[in-house]
Amino acid sequence: MTDYETLLKRVNELLAPFVEEGTPLREDSDFVADLNFDSLKVMKLVEQVEDEYDISIPLNILPDVQTVKDFVIQLQKLKDGQE
Amino acid sequence: MSLFDKFQQIAAARQALIEKGLRSNVVMEKVVSPTEAVINGRHVILAGTNNYLGLTFDPDCIDAASTAVRKQGTGTTGSRMANGSYSDHVQLEKELAEFFKCQYGMVFSTGYIANLAMLSALTGTGDVLLIDADSHASIYDGCRLSGAEIIRFRHNDPNNLAKRLQRLGERASNTLIVVEGIYSMLGDRAPLAEIAAVKEQYGACLLVDEAHSLGVLGTNGRGLAEEAGVENRVDFVVGTFSKSLGAIGGFCVSNNPAMEIIPLAARPYIFTASSSPSIIASTRKALKVLKASPELRNKLWENAQNLYQKLQGLGFQLGPEISPVIAVRVPGIDQAVALWKGLLENSVYVNLVTPPATPDGGCLLRCSVSAAHTPEQIDKICNAFESQREALPAAQMA
(Lines give C-alpha, C1' and ligand atoms only; values in the text may rest on other atoms or scores of the structure.)
Protein backbone atom coordinates (compact mmCIF):
# COMPACT_ATOMS: atom_id res chain seq x y z
CA MET A 1 0.00 0.00 0.00
CA THR A 2 1.30 3.43 -0.95
CA ASP A 3 2.36 5.51 2.03
CA TYR A 4 -0.03 8.45 2.54
CA GLU A 5 2.54 10.70 4.18
CA THR A 6 5.08 10.20 1.38
CA LEU A 7 2.41 11.05 -1.22
CA LEU A 8 1.27 14.10 0.75
CA LYS A 9 4.82 15.41 0.98
CA ARG A 10 5.37 15.08 -2.78
CA VAL A 11 1.94 16.51 -3.67
CA ASN A 12 2.70 19.54 -1.50
CA GLU A 13 5.96 20.03 -3.39
CA LEU A 14 4.13 19.83 -6.74
CA LEU A 15 1.41 22.15 -5.47
CA ALA A 16 3.73 24.86 -4.18
CA PRO A 17 4.40 26.59 -7.55
CA PHE A 18 0.63 26.96 -8.09
CA VAL A 19 0.03 28.67 -4.75
CA GLU A 20 0.59 32.37 -4.13
CA GLU A 21 3.47 33.20 -1.83
CA GLY A 22 2.34 33.55 1.75
CA THR A 23 -0.70 31.28 1.32
CA PRO A 24 -0.46 28.48 3.89
CA LEU A 25 -0.53 25.00 2.36
CA ARG A 26 -2.22 22.54 4.70
CA GLU A 27 -3.72 19.09 4.44
CA ASP A 28 -7.21 20.58 4.80
CA SER A 29 -6.61 23.49 2.40
CA ASP A 30 -9.54 23.81 0.01
CA PHE A 31 -8.34 23.99 -3.60
CA VAL A 32 -10.85 26.67 -4.62
CA ALA A 33 -11.55 28.65 -1.43
CA ASP A 34 -8.05 28.59 0.12
CA LEU A 35 -5.62 27.99 -2.75
CA ASN A 36 -7.50 29.98 -5.42
CA PHE A 37 -7.42 27.13 -7.95
CA ASP A 38 -9.40 27.42 -11.18
CA SER A 39 -10.09 24.62 -13.66
CA LEU A 40 -6.90 25.37 -15.62
CA LYS A 41 -4.69 25.11 -12.54
CA VAL A 42 -6.43 21.88 -11.51
CA MET A 43 -5.72 20.31 -14.90
CA LYS A 44 -2.07 21.45 -14.86
CA LEU A 45 -1.61 19.92 -11.41
CA VAL A 46 -3.30 16.70 -12.57
CA GLU A 47 -0.92 16.48 -15.55
CA GLN A 48 2.13 16.95 -13.32
CA VAL A 49 0.98 14.31 -10.86
CA GLU A 50 0.18 11.93 -13.75
CA ASP A 51 3.72 12.34 -15.10
CA GLU A 52 5.27 11.99 -11.65
CA TYR A 53 3.56 8.68 -10.86
CA ASP A 54 3.00 7.37 -14.42
CA ILE A 55 -0.75 7.11 -13.92
CA SER A 56 -3.86 8.50 -15.58
CA ILE A 57 -6.18 10.39 -13.25
CA PRO A 58 -9.82 10.09 -14.40
CA LEU A 59 -11.79 13.33 -14.36
CA ASN A 60 -14.54 11.40 -12.56
CA ILE A 61 -12.64 11.62 -9.26
CA LEU A 62 -12.48 15.42 -9.25
CA PRO A 63 -15.98 16.06 -7.82
CA ASP A 64 -14.81 14.13 -4.72
CA VAL A 65 -11.74 16.33 -4.31
CA GLN A 66 -12.09 19.53 -2.33
CA THR A 67 -9.01 19.53 -0.15
CA VAL A 68 -5.39 18.49 -0.51
CA LYS A 69 -6.14 15.49 1.70
CA ASP A 70 -9.01 14.42 -0.62
CA PHE A 71 -6.61 14.58 -3.56
CA VAL A 72 -3.94 12.52 -1.85
CA ILE A 73 -6.51 9.89 -0.81
CA GLN A 74 -7.71 9.57 -4.41
CA LEU A 75 -4.13 9.40 -5.63
CA GLN A 76 -3.38 6.68 -3.10
CA LYS A 77 -6.38 4.65 -4.34
CA LEU A 78 -5.27 5.02 -7.96
CA LYS A 79 -1.72 3.99 -7.18
CA ASP A 80 -2.84 1.01 -5.11
CA GLY A 81 -5.22 -0.05 -7.89
CA GLN A 82 -2.31 0.01 -10.32
CA GLU A 83 0.02 -2.12 -8.19
CA MET B 1 -25.92 28.27 1.69
CA SER B 2 -28.66 28.93 -0.87
CA LEU B 3 -29.59 27.33 -4.13
CA PHE B 4 -28.18 30.31 -5.97
CA ASP B 5 -24.81 30.68 -4.22
CA LYS B 6 -23.15 28.74 -7.01
CA PHE B 7 -23.81 31.65 -9.36
CA GLN B 8 -21.66 34.06 -7.36
CA GLN B 9 -18.46 33.35 -9.27
CA ILE B 10 -20.17 33.73 -12.66
CA ALA B 11 -22.00 36.85 -11.47
CA ALA B 12 -18.69 38.38 -10.38
CA ALA B 13 -17.10 37.63 -13.76
CA ARG B 14 -20.11 39.15 -15.50
CA GLN B 15 -19.92 42.26 -13.31
CA ALA B 16 -16.22 42.66 -14.11
CA LEU B 17 -17.05 42.61 -17.84
CA ILE B 18 -19.85 45.16 -17.33
CA GLU B 19 -17.38 47.44 -15.55
CA LYS B 20 -15.13 47.19 -18.59
CA GLY B 21 -17.99 48.41 -20.74
CA LEU B 22 -19.44 45.11 -22.01
CA ARG B 23 -23.07 45.48 -21.05
CA SER B 24 -24.62 42.45 -22.71
CA ASN B 25 -24.23 39.88 -25.42
CA VAL B 26 -24.12 41.31 -28.93
CA VAL B 27 -27.50 41.72 -30.60
CA MET B 28 -27.62 41.81 -34.38
CA GLU B 29 -30.39 44.24 -35.18
CA LYS B 30 -30.37 43.19 -38.80
CA VAL B 31 -28.52 40.41 -40.60
CA VAL B 32 -27.73 41.70 -44.06
CA SER B 33 -25.78 38.84 -45.64
CA PRO B 34 -23.52 35.92 -44.57
CA THR B 35 -20.80 38.47 -43.80
CA GLU B 36 -22.64 41.65 -42.76
CA ALA B 37 -25.02 42.75 -40.02
CA VAL B 38 -26.16 45.85 -38.18
CA ILE B 39 -24.98 46.01 -34.55
CA ASN B 40 -25.62 49.06 -32.32
CA GLY B 41 -26.89 50.84 -35.42
CA ARG B 42 -23.57 50.28 -37.18
CA HIS B 43 -23.09 48.25 -40.37
CA VAL B 44 -20.39 45.68 -39.50
CA ILE B 45 -18.44 42.92 -41.20
CA LEU B 46 -19.04 39.58 -39.51
CA ALA B 47 -15.79 37.72 -38.89
CA GLY B 48 -16.96 35.41 -36.12
CA THR B 49 -19.83 33.30 -37.46
CA ASN B 50 -18.42 29.86 -38.48
CA ASN B 51 -20.38 30.38 -41.71
CA TYR B 52 -17.48 28.79 -43.58
CA LEU B 53 -19.10 28.39 -47.00
CA GLY B 54 -21.42 31.39 -46.63
CA LEU B 55 -24.51 29.31 -47.38
CA THR B 56 -26.96 30.96 -44.96
CA PHE B 57 -28.28 33.16 -47.77
CA ASP B 58 -27.88 30.67 -50.62
CA PRO B 59 -31.02 31.17 -52.76
CA ASP B 60 -31.51 27.43 -53.38
CA CYS B 61 -31.24 26.63 -49.67
CA ILE B 62 -33.71 29.39 -48.85
CA ASP B 63 -36.14 28.13 -51.51
CA ALA B 64 -35.88 24.58 -50.20
CA ALA B 65 -36.55 25.73 -46.63
CA SER B 66 -39.48 27.92 -47.73
CA THR B 67 -41.09 25.11 -49.71
CA ALA B 68 -40.67 22.68 -46.81
CA VAL B 69 -42.21 25.01 -44.25
CA ARG B 70 -45.22 25.58 -46.49
CA LYS B 71 -45.71 21.90 -47.32
CA GLN B 72 -44.77 20.28 -44.00
CA GLY B 73 -45.32 22.98 -41.38
CA THR B 74 -43.09 24.81 -38.95
CA GLY B 75 -42.09 21.95 -36.67
CA THR B 76 -42.31 18.24 -35.96
CA THR B 77 -43.62 18.82 -32.40
CA GLY B 78 -41.89 15.78 -30.96
CA SER B 79 -39.18 13.15 -31.09
CA ARG B 80 -38.79 10.68 -33.89
CA MET B 81 -39.17 7.82 -31.43
CA ALA B 82 -42.61 9.04 -30.37
CA ASN B 83 -43.94 10.98 -33.36
CA GLY B 84 -42.22 9.10 -36.16
CA SER B 85 -39.75 10.35 -38.76
CA TYR B 86 -40.50 12.62 -41.66
CA SER B 87 -39.28 11.11 -44.90
CA ASP B 88 -36.86 14.02 -45.34
CA HIS B 89 -35.07 13.12 -42.09
CA VAL B 90 -34.51 9.63 -43.47
CA GLN B 91 -33.46 11.00 -46.86
CA LEU B 92 -30.89 13.31 -45.27
CA GLU B 93 -29.48 10.38 -43.30
CA LYS B 94 -29.10 8.40 -46.53
CA GLU B 95 -27.49 11.34 -48.30
CA LEU B 96 -25.01 11.91 -45.48
CA ALA B 97 -24.09 8.21 -45.40
CA GLU B 98 -23.61 8.25 -49.16
CA PHE B 99 -21.51 11.42 -49.05
CA PHE B 100 -19.20 9.91 -46.41
CA LYS B 101 -19.24 6.49 -48.15
CA CYS B 102 -20.59 4.93 -44.98
CA GLN B 103 -23.29 2.37 -44.37
CA TYR B 104 -25.10 4.30 -41.66
CA GLY B 105 -26.11 7.91 -41.10
CA MET B 106 -28.03 9.44 -38.23
CA VAL B 107 -29.35 12.99 -37.82
CA PHE B 108 -29.66 14.91 -34.52
CA SER B 109 -31.35 18.20 -33.68
CA THR B 110 -28.09 19.98 -32.81
CA GLY B 111 -24.38 19.25 -32.97
CA TYR B 112 -24.26 19.42 -29.18
CA ILE B 113 -26.89 16.68 -28.96
CA ALA B 114 -25.00 14.60 -31.54
CA ASN B 115 -21.99 14.43 -29.22
CA LEU B 116 -24.10 13.92 -26.10
CA ALA B 117 -26.02 11.11 -27.80
CA MET B 118 -23.09 9.31 -29.42
CA LEU B 119 -20.71 9.44 -26.46
CA SER B 120 -23.34 8.49 -23.89
CA ALA B 121 -24.71 5.66 -26.04
CA LEU B 122 -21.36 4.20 -27.10
CA THR B 123 -19.84 4.13 -23.62
CA GLY B 124 -21.07 3.43 -20.11
CA THR B 125 -19.96 2.20 -16.71
CA GLY B 126 -16.75 0.21 -17.03
CA ASP B 127 -15.77 1.79 -20.36
CA VAL B 128 -13.19 4.51 -20.90
CA LEU B 129 -13.43 7.78 -22.83
CA LEU B 130 -10.00 9.07 -23.81
CA ILE B 131 -10.46 12.64 -24.99
CA ASP B 132 -8.17 15.38 -26.24
CA ALA B 133 -7.68 17.97 -23.47
CA ASP B 134 -8.91 20.80 -25.74
CA SER B 135 -12.20 19.08 -26.58
CA HIS B 136 -15.39 21.09 -27.04
CA ALA B 137 -17.82 21.37 -24.12
CA SER B 138 -20.28 19.07 -25.91
CA ILE B 139 -17.67 16.29 -25.74
CA TYR B 140 -17.02 16.88 -22.04
CA ASP B 141 -20.77 16.94 -21.35
CA GLY B 142 -21.34 13.76 -23.39
CA CYS B 143 -18.61 12.10 -21.35
CA ARG B 144 -20.31 13.06 -18.10
CA LEU B 145 -23.62 11.70 -19.31
CA SER B 146 -22.05 8.38 -20.27
CA GLY B 147 -20.96 7.25 -16.79
CA ALA B 148 -17.69 5.97 -18.33
CA GLU B 149 -14.27 6.72 -16.91
CA ILE B 150 -13.04 9.99 -18.47
CA ILE B 151 -9.33 10.48 -19.11
CA ARG B 152 -7.79 13.41 -20.98
CA PHE B 153 -4.68 13.16 -23.12
CA ARG B 154 -2.51 16.14 -23.95
CA HIS B 155 -3.76 18.21 -26.84
CA ASN B 156 -2.72 16.78 -30.23
CA ASP B 157 -0.16 14.47 -28.60
CA PRO B 158 -0.36 10.89 -29.99
CA ASN B 159 2.51 9.75 -27.72
CA ASN B 160 0.62 10.87 -24.64
CA LEU B 161 -2.46 9.08 -26.00
CA ALA B 162 -0.42 5.89 -26.49
CA LYS B 163 0.98 6.11 -22.97
CA ARG B 164 -2.51 6.32 -21.53
CA LEU B 165 -3.79 3.41 -23.62
CA GLN B 166 -0.81 1.36 -22.48
CA ARG B 167 -1.68 2.12 -18.84
CA LEU B 168 -5.22 0.88 -19.44
CA GLY B 169 -3.98 -2.58 -20.42
CA GLU B 170 -6.88 -4.87 -21.43
CA ARG B 171 -9.35 -2.02 -20.90
CA ALA B 172 -7.98 -0.34 -24.04
CA SER B 173 -10.40 -2.45 -26.06
CA ASN B 174 -13.28 -0.84 -24.13
CA THR B 175 -11.99 2.64 -24.90
CA LEU B 176 -13.39 5.31 -27.21
CA ILE B 177 -10.87 7.95 -28.30
CA VAL B 178 -12.42 11.32 -29.16
CA VAL B 179 -10.71 14.04 -31.20
CA GLU B 180 -11.77 16.97 -33.39
CA GLY B 181 -10.93 17.68 -37.02
CA ILE B 182 -10.25 21.36 -36.45
CA TYR B 183 -10.21 22.66 -32.88
CA SER B 184 -12.69 25.49 -32.53
CA MET B 185 -10.61 27.89 -30.47
CA LEU B 186 -7.13 27.86 -32.07
CA GLY B 187 -8.01 26.39 -35.46
CA ASP B 188 -5.41 23.62 -35.37
CA ARG B 189 -5.96 20.13 -36.82
CA ALA B 190 -5.60 16.83 -34.98
CA PRO B 191 -2.64 14.65 -36.13
CA LEU B 192 -5.19 12.10 -37.26
CA ALA B 193 -3.00 9.58 -39.09
CA GLU B 194 -0.81 9.19 -35.99
CA ILE B 195 -3.85 9.00 -33.72
CA ALA B 196 -5.47 6.34 -35.95
CA ALA B 197 -2.26 4.30 -35.83
CA VAL B 198 -2.21 4.46 -32.02
CA LYS B 199 -5.87 3.43 -31.76
CA GLU B 200 -5.21 0.42 -34.01
CA GLN B 201 -2.13 -0.59 -32.03
CA TYR B 202 -4.19 -0.77 -28.84
CA GLY B 203 -7.51 -1.97 -30.31
CA ALA B 204 -9.55 1.05 -29.23
CA CYS B 205 -12.32 2.85 -31.19
CA LEU B 206 -11.99 6.36 -32.64
CA LEU B 207 -14.63 9.08 -32.99
CA VAL B 208 -13.77 12.28 -34.86
CA ASP B 209 -15.86 15.42 -34.50
CA GLU B 210 -15.65 17.19 -37.87
CA ALA B 211 -17.82 20.15 -36.76
CA HIS B 212 -15.34 22.77 -38.00
CA SER B 213 -13.78 20.68 -40.79
CA LEU B 214 -16.83 19.47 -42.77
CA GLY B 215 -16.82 21.37 -46.05
CA VAL B 216 -13.47 22.86 -45.07
CA LEU B 217 -10.92 20.01 -45.34
CA GLY B 218 -10.49 17.15 -47.81
CA THR B 219 -10.72 17.05 -51.60
CA ASN B 220 -14.47 16.44 -51.37
CA GLY B 221 -15.02 18.43 -48.18
CA ARG B 222 -15.55 15.38 -45.98
CA GLY B 223 -13.21 16.73 -43.34
CA LEU B 224 -9.89 15.91 -41.72
CA ALA B 225 -10.30 12.14 -42.02
CA GLU B 226 -10.51 12.56 -45.79
CA GLU B 227 -7.60 15.00 -45.91
CA ALA B 228 -5.43 12.70 -43.79
CA GLY B 229 -6.43 9.63 -45.86
CA VAL B 230 -7.75 7.71 -42.84
CA GLU B 231 -11.50 7.59 -43.40
CA ASN B 232 -11.58 3.79 -43.23
CA ARG B 233 -9.67 3.86 -39.93
CA VAL B 234 -12.09 6.21 -38.15
CA ASP B 235 -14.98 4.36 -36.50
CA PHE B 236 -17.45 7.24 -36.06
CA VAL B 237 -17.63 10.72 -37.60
CA VAL B 238 -19.77 13.32 -35.87
CA GLY B 239 -20.54 16.72 -37.34
CA THR B 240 -22.88 19.67 -37.40
CA PHE B 241 -25.16 21.48 -39.83
CA SER B 242 -24.66 24.81 -38.07
CA LYS B 243 -21.36 25.78 -39.65
CA SER B 244 -20.53 24.97 -43.28
CA LEU B 245 -24.12 23.86 -43.97
CA GLY B 246 -25.62 27.10 -42.66
CA ALA B 247 -28.49 25.66 -40.59
CA ILE B 248 -28.67 23.83 -37.25
CA GLY B 249 -28.41 20.13 -36.42
CA GLY B 250 -25.90 17.34 -36.04
CA PHE B 251 -25.11 13.95 -37.50
CA CYS B 252 -23.08 10.79 -37.12
CA VAL B 253 -21.93 8.49 -39.93
CA SER B 254 -20.24 5.13 -39.52
CA ASN B 255 -19.86 1.63 -40.88
CA ASN B 256 -20.23 0.12 -37.42
CA PRO B 257 -23.42 -1.98 -37.09
CA ALA B 258 -23.90 -0.52 -33.60
CA MET B 259 -25.49 2.38 -35.48
CA GLU B 260 -28.62 0.25 -35.93
CA ILE B 261 -29.08 0.22 -32.15
CA ILE B 262 -27.95 3.77 -31.29
CA PRO B 263 -31.40 5.31 -32.05
CA LEU B 264 -32.82 3.00 -29.39
CA ALA B 265 -30.04 3.63 -26.88
CA ALA B 266 -29.15 7.32 -27.11
CA ARG B 267 -31.31 9.24 -24.64
CA PRO B 268 -30.42 12.73 -25.97
CA TYR B 269 -31.71 11.52 -29.36
CA ILE B 270 -34.77 9.69 -28.05
CA PHE B 271 -36.00 12.56 -25.89
CA THR B 272 -35.35 15.56 -28.18
CA ALA B 273 -37.83 16.90 -30.71
CA SER B 274 -36.60 16.26 -34.23
CA SER B 275 -35.44 19.01 -36.57
CA SER B 276 -38.01 21.21 -38.29
CA PRO B 277 -38.75 20.38 -41.95
CA SER B 278 -37.26 23.68 -43.12
CA ILE B 279 -33.96 22.89 -41.38
CA ILE B 280 -33.75 19.45 -42.95
CA ALA B 281 -34.65 20.83 -46.39
CA SER B 282 -32.04 23.61 -46.37
CA THR B 283 -29.42 21.21 -45.01
CA ARG B 284 -30.09 18.68 -47.79
CA LYS B 285 -29.71 21.45 -50.35
CA ALA B 286 -26.59 22.84 -48.66
CA LEU B 287 -25.00 19.38 -48.73
CA LYS B 288 -25.63 19.28 -52.49
CA VAL B 289 -24.05 22.74 -52.86
CA LEU B 290 -21.06 21.64 -50.74
CA LYS B 291 -20.54 18.62 -53.03
CA ALA B 292 -21.01 20.52 -56.28
CA SER B 293 -19.01 23.65 -55.40
CA PRO B 294 -15.38 22.91 -54.56
CA GLU B 295 -14.65 26.50 -55.58
CA LEU B 296 -16.27 27.64 -52.32
CA ARG B 297 -13.65 25.65 -50.41
CA ASN B 298 -10.88 27.20 -52.51
CA LYS B 299 -12.24 30.68 -51.87
CA LEU B 300 -12.49 29.94 -48.14
CA TRP B 301 -8.83 28.90 -48.00
CA GLU B 302 -7.70 31.91 -50.06
CA ASN B 303 -9.46 34.15 -47.53
CA ALA B 304 -8.03 32.20 -44.58
CA GLN B 305 -4.47 32.47 -45.92
CA ASN B 306 -4.93 36.13 -46.75
CA LEU B 307 -6.24 37.06 -43.29
CA TYR B 308 -3.77 34.87 -41.37
CA GLN B 309 -0.76 36.19 -43.25
CA LYS B 310 -1.83 39.81 -43.00
CA LEU B 311 -2.54 39.61 -39.26
CA GLN B 312 0.77 37.82 -38.77
CA GLY B 313 2.46 40.56 -40.80
CA LEU B 314 0.90 43.13 -38.48
CA GLY B 315 2.61 41.39 -35.58
CA PHE B 316 -0.35 39.72 -33.89
CA GLN B 317 0.22 36.41 -32.10
CA LEU B 318 -1.97 33.81 -33.80
CA GLY B 319 -2.96 30.15 -33.51
CA PRO B 320 -0.38 27.60 -34.66
CA GLU B 321 -1.52 27.03 -38.25
CA ILE B 322 -3.48 28.64 -41.05
CA SER B 323 -7.12 27.64 -41.02
CA PRO B 324 -10.52 29.34 -41.37
CA VAL B 325 -10.44 29.71 -37.57
CA ILE B 326 -7.88 32.43 -36.87
CA ALA B 327 -7.33 33.16 -33.20
CA VAL B 328 -5.55 36.34 -32.16
CA ARG B 329 -3.97 35.70 -28.77
CA VAL B 330 -4.28 38.40 -26.13
CA PRO B 331 -2.88 37.63 -22.67
CA GLY B 332 -5.01 39.91 -20.50
CA ILE B 333 -8.76 40.40 -20.32
CA ASP B 334 -8.49 44.22 -20.19
CA GLN B 335 -6.57 44.33 -23.48
CA ALA B 336 -8.87 41.72 -25.05
CA VAL B 337 -12.00 43.70 -24.18
CA ALA B 338 -10.42 46.98 -25.37
CA LEU B 339 -9.35 45.38 -28.63
CA TRP B 340 -12.73 43.73 -29.19
CA LYS B 341 -14.61 46.99 -28.54
CA GLY B 342 -12.21 48.86 -30.80
CA LEU B 343 -12.81 46.38 -33.61
CA LEU B 344 -16.57 46.73 -33.26
CA GLU B 345 -16.25 50.53 -33.33
CA ASN B 346 -14.30 49.98 -36.55
CA SER B 347 -17.20 47.92 -37.92
CA VAL B 348 -15.71 44.43 -37.45
CA TYR B 349 -17.28 41.74 -35.30
CA VAL B 350 -15.15 38.85 -34.01
CA ASN B 351 -15.64 36.47 -31.06
CA LEU B 352 -14.28 37.56 -27.69
CA VAL B 353 -13.25 34.40 -25.83
CA THR B 354 -12.11 34.53 -22.21
CA PRO B 355 -11.01 31.82 -19.73
CA PRO B 356 -12.10 29.16 -18.92
CA ALA B 357 -13.27 28.73 -22.54
CA THR B 358 -9.73 29.20 -23.85
CA PRO B 359 -7.18 26.37 -23.90
CA ASP B 360 -4.30 28.07 -22.10
CA GLY B 361 -5.78 30.66 -19.75
CA GLY B 362 -5.22 33.61 -22.11
CA CYS B 363 -7.90 35.46 -24.08
CA LEU B 364 -8.67 35.14 -27.77
CA LEU B 365 -10.12 37.38 -30.41
CA ARG B 366 -11.36 34.55 -32.54
CA CYS B 367 -12.00 35.25 -36.21
CA SER B 368 -13.70 32.80 -38.52
CA VAL B 369 -13.38 33.31 -42.24
CA SER B 370 -16.07 32.63 -44.84
CA ALA B 371 -15.95 31.86 -48.52
CA ALA B 372 -18.43 34.72 -48.79
CA HIS B 373 -15.93 37.32 -47.55
CA THR B 374 -14.69 39.54 -50.36
CA PRO B 375 -10.99 40.49 -50.57
CA GLU B 376 -12.09 44.04 -49.67
CA GLN B 377 -13.79 42.77 -46.50
CA ILE B 378 -10.66 40.84 -45.52
CA ASP B 379 -8.67 44.06 -46.00
CA LYS B 380 -11.16 45.98 -43.83
CA ILE B 381 -10.84 43.34 -41.09
CA CYS B 382 -7.03 43.71 -41.23
CA ASN B 383 -7.27 47.50 -41.22
CA ALA B 384 -9.49 47.39 -38.14
CA PHE B 385 -6.95 45.16 -36.35
CA GLU B 386 -4.12 47.46 -37.43
CA SER B 387 -5.97 50.48 -36.01
CA GLN B 388 -6.22 48.71 -32.65
CA ARG B 389 -2.62 47.61 -32.32
CA GLU B 390 -1.97 50.23 -29.65
CA ALA B 391 -4.38 48.36 -27.35
CA LEU B 392 -1.65 45.75 -27.02
CA PRO B 393 1.77 46.52 -25.51
CA ALA B 394 4.65 45.84 -27.91
CA ALA B 395 5.80 42.91 -25.77
CA GLN B 396 2.56 41.10 -26.55
CA MET B 397 2.96 41.33 -30.30
CA ALA B 398 4.82 38.61 -32.18
Side-chain angles (χ1 to χ4, degrees), chain A residues 1-2 6-7 10-11 14-21 23 28-68 70-83, chain B residues 1 5-6 8-10 12-13 119 123-135 137 139-155 157 159-169 171-172 175 177-178 185 202 333 354-363:
Chain A
M1 187 166 164
T2 314
T6 311
L7 280 179
R10 185 60 188 136
V11 165
L14 293 170
L15 260 172
F18 293 99
V19 178
E20 273 180 47
E21 219 176 291
T23 305
D28 65 349
S29 293
D30 185 293
F31 277 101
V32 178
D34 300 326
L35 306 180
N36 203 24
F37 263 57
D38 56 20
S39 56
L40 193 69
K41 274 191 189 175
V42 169
M43 294 326 303
K44 281 187 175 167
L45 174 68
V46 164
E47 283 182 0
Q48 289 206 4
V49 173
E50 285 178 331
D51 286 347
E52 174 82 14
Y53 293 107
D54 193 24
I55 55 170
S56 292
I57 299 178
L59 299 188
N60 315 56
I61 69 155
L62 296 181
D64 295 328
V65 173
Q66 283 197 332
T67 64
V68 174
D70 295 336
F71 186 61
V72 176
I73 288 171
Q74 292 294 337
L75 186 57
Q76 193 178 25
K77 281 186 195 166
L78 284 168
K79 278 192 61 59
D80 287 344
Q82 190 190 38
E83 282 160 9
Chain B
M1 184 85 178
D5 283 352
K6 60 172 122 11
Q8 280 175 2
Q9 205 178 351
I10 301 171
L119 300 185
T123 62
T125 307
D127 300 324
V128 181
L129 277 153
L130 204 35
I131 65 172
D132 186 285
D134 285 4
S135 289
I139 292 172
Y140 277 96
D141 291 356
C143 290
R144 280 193 210 166
L145 194 60
S146 76
E149 191 169 302
I150 310 155
I151 296 172
R152 306 185 341 157
F153 65 94
R154 288 195 178 146
H155 177 55
D157 187 340
N159 292 330
N160 191 254
L161 171 66
K163 194 191 278 187
R164 288 167 192 278
L165 281 162
Q166 191 178 23
R167 286 174 190 152
L168 286 169
R171 296 180 70 206
T175 297
I177 302 162
V178 185
M185 287 297 114
Y202 289 93
I333 195 159
T354 61
T358 52
D360 52 10
C363 296

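Side chains included, hydrogens not; waters and symmetry mates left out as well; all remaining heavy atoms used. Below, read A as the first sequence line, B as the second, and so on, with proteins coming before strands; counting in each chain starts at 1.
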From [X] [atom1] over to [Y] [atom2], what is the distance, rounded to the nearest 0.5 angstrom?
X	Y	atom1	atom2	answer
A/Glu50	B/Arg167	CD	CZ	6.5 Å
B/Gln166	A/Asp54	CD	CG	8.0 Å
A/Asn60	B/Cys143	CG	SG	9.0 Å

Under 6.0 Å from the [atom1] atom of [X], do we count more than 12 heavy atoms belonging to anything else shown?
X	atom1	answer
A/Lys41	NZ	yes
A/Glu52	CD	yes
B/Arg144	CZ	no
A/Gln66	CD	no

query = Between B/Thr358, B/Leu168, B/Ile151, B/Asn160, which shows the greatest number of heavy-atom pairs under 4.5 Å with chain A?
reply =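 Among B/Thr358, B/Leu168, B/Ile151, B/Asn160, the one with the most close pairs to chain A is B/Ile151.
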
ask   = Ignoring hydrogens and geometry, is there a side-chain-to-backbone donor-acceptor pair from A/Asp38 to B/Pro356 under 3.5 Å?
value =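 It does not hold such a pair.
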
key: Short N-O contact, B/Arg154 and A/Asp51, less than 4.0 angstrom   =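 Looking at A/Asp51 together with B/Arg154, the answer is yes, because their closest N to O distance falls below 4.0 Å.
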
ask   = Measuring heavy-atom distances to chain A, does B/Phe153 have an atom under 4.5 Å in its side chain, in its backbone, in both, or in neither?
value =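 No part of it gets close to chain A.
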
query = Checking heavy atoms, do the side chain of B/Pro359, its backbone, both or neither come under 4.5 Å from chain A?
reply =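 Contact with chain A involves the backbone of B/Pro359 alone.
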
Engaged part of A/Leu59 at the chain B interface, taking heavy atoms whose separation is under 4.5 Å =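 For A/Leu59, the contact with chain B is made by backbone and side chain together.
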
task = Test B/Arg152 against A/Val46 for side-chain contact (heavy atoms from CB on, under 4.5 Å), laying out the working first.
result = CA-CA 10 Å; B/Arg152 306 185 341 157; A/Val46 164; over 6 Å; no

